[in-house]
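Start at 1 and go down the list; that is how both ligands and their atoms are numbered.
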Amino acid sequence: MLIDTYGRVATDLRVSLTDRCNLRCTYCMPEEGLQWLAKPDLLTDDEIVRLITIAVRDLGIEEVRFTGGEPLLRPGLVGIVERVARLTPRPQMSLTTNGIGLARTATALRDAGLDRVNVSLDTLRPDVFQALTRRKRHDDVLRGLEAARAAGLTPVKVNTVLMPGLNDDEAPDLLAWAIENDYELRFIEQMPLDAQHGWKRDGMITAGDILASLRTRFELTAEGQEARGAAPAERWTVDGGPHRVGVIASVTRPFCRACDRTRLTADGQVRTCLFATEETDLRAALRSDAPDAEIGRIWKQAMWGKKAGSGLDDPSFLQPERPMSAIGG
Ligand code: SAM
Ligand code: SF4
């Protein structure tokens, strides 16, 4: 299995399928986009499936999450999901997406074996959506969410980042809307992973701010640590239940001690943490015809070197070179 020196075991694999995106969220990418990875540098569909197979069959991975960039932009996505669904043991499979194009693909993805989706949506206001993402696609995201729910990709989770002066007044409205539509809302604290290095600790909306804002309209009851397990989100039941809301407080209440994740970038690098400054090259091993056992060994060795925490609370913290969109959030 994938174990580190602190005794943590990775059972959750996040696979980035592309670094490209059709939105330009201000907390993630600059307006002009980024220098995308060159096609020959990207793992092929076969290479991705081979690495996931090794992870699931030999290394104890139980859950695979596809992400990016925007994973729906990867032409082979449905085929990859279909092949991973045939693995034994069959892993749980989910997708983190901005929802654009999901209205078209939700049923095919469900039929291929996808279990769930997380759709990112930060606002209910089309003008604010445009300011946050620099694109007029609010309607597409709402349609994608509805299609995911109709296709049974449930529970449909909605990821929201609050930005000061833009959507930080929307937390209660978003929760009321999520409850009405049967989506599970999770707020994510803004992290220093934007390509522009514009993150400021002083300016960010914290979990404390989010909870205070929600409590102006809802009664929240904390779920215990046991219910949380290794999940990054702390959860609260809303007005006595059954609906819940989550907060992923990576900055102000980090959960590194319970982390169960390993990550694979679209160009075949293993990362043990979103904030890691080191990567391990599995693509080179793949392309030099290394056997599965050797690739597994390299992956285990990478995991063994996982640091205790993100280092965010350390004054000497350095933002990783790769932005969120190229790591896979
Ligand atoms: N494009 C897809 C999407 O937006 O869902 C998948 C990739 S995106 C990098 C994954 C998640 O990371 C999204 O929910 C997004 O809101 C979040 N994210 C991106 N940049 C972030 C940042 N600087 N801090 C916190 N969350 C961020
Ligand atoms: Fe694209 Fe997701 Fe980044 Fe927004 S957060 S720019 S949708 S990768």
Salt-bridged, [X] to [Y], with N to O below 4.0 Å?
X	Y	answer
Arg253	Glu234	yes
Arg50	Asp292	yes
Glu223	Arg244	yes
Asp46	Arg83	yes

**Q.** Nearest-0.5 Å distance, CZ of residue Phe66 to CD1 of residue Ile52
**A.** 4.0 Å
Q. Are Tyr27 and Trp199 near enough that their ring centres are under 6.0 Å apart?
A. no
Q | Residue pairs passing the ring pair (Phe, Tyr, Trp, His ring centres under 6.0 Å) test where at least one lies in residues 106-146, sequence neighbours excluded | A | Phe129-His138
Q: Kindly tell me which protein residues have any non-hydrogen atom under 4.0 angstrom away from an atom of ligand 2, grouped by chain and ordered by number?
A: Cys21, Leu23, Cys25, Cys28, Gly69, Asn98
Q: Please list, chain by chain and in numerical order, all residues satisfying side chain to side chain contact (heavy atoms under 4.5 Å, CB included) with Asp169, sequence neighbours excluded.
A: Arg125
**Q.** Thr18 vs Arg74, side-chain hydrogen bond (donor to acceptor under 3.5 Å, both in side chains): CA-CA, chis, key distance, verdict
**A.** CA-CA 7 Å; Thr18 176; Arg74 175 119 192 170; over 6 Å; no
(Q) So if I only count non-hydrogen atoms and take anything under 4.0 Å from ligand 1, which residues does that give, chain by chain? (A) Tyr27, Cys28, Thr67, Gly68, Gly69, Glu70, Thr96, Thr97, Asn98, Ser120, Asn159, Val161, Ile188, Glu189, Gln190, Met191, Met324, Gly329
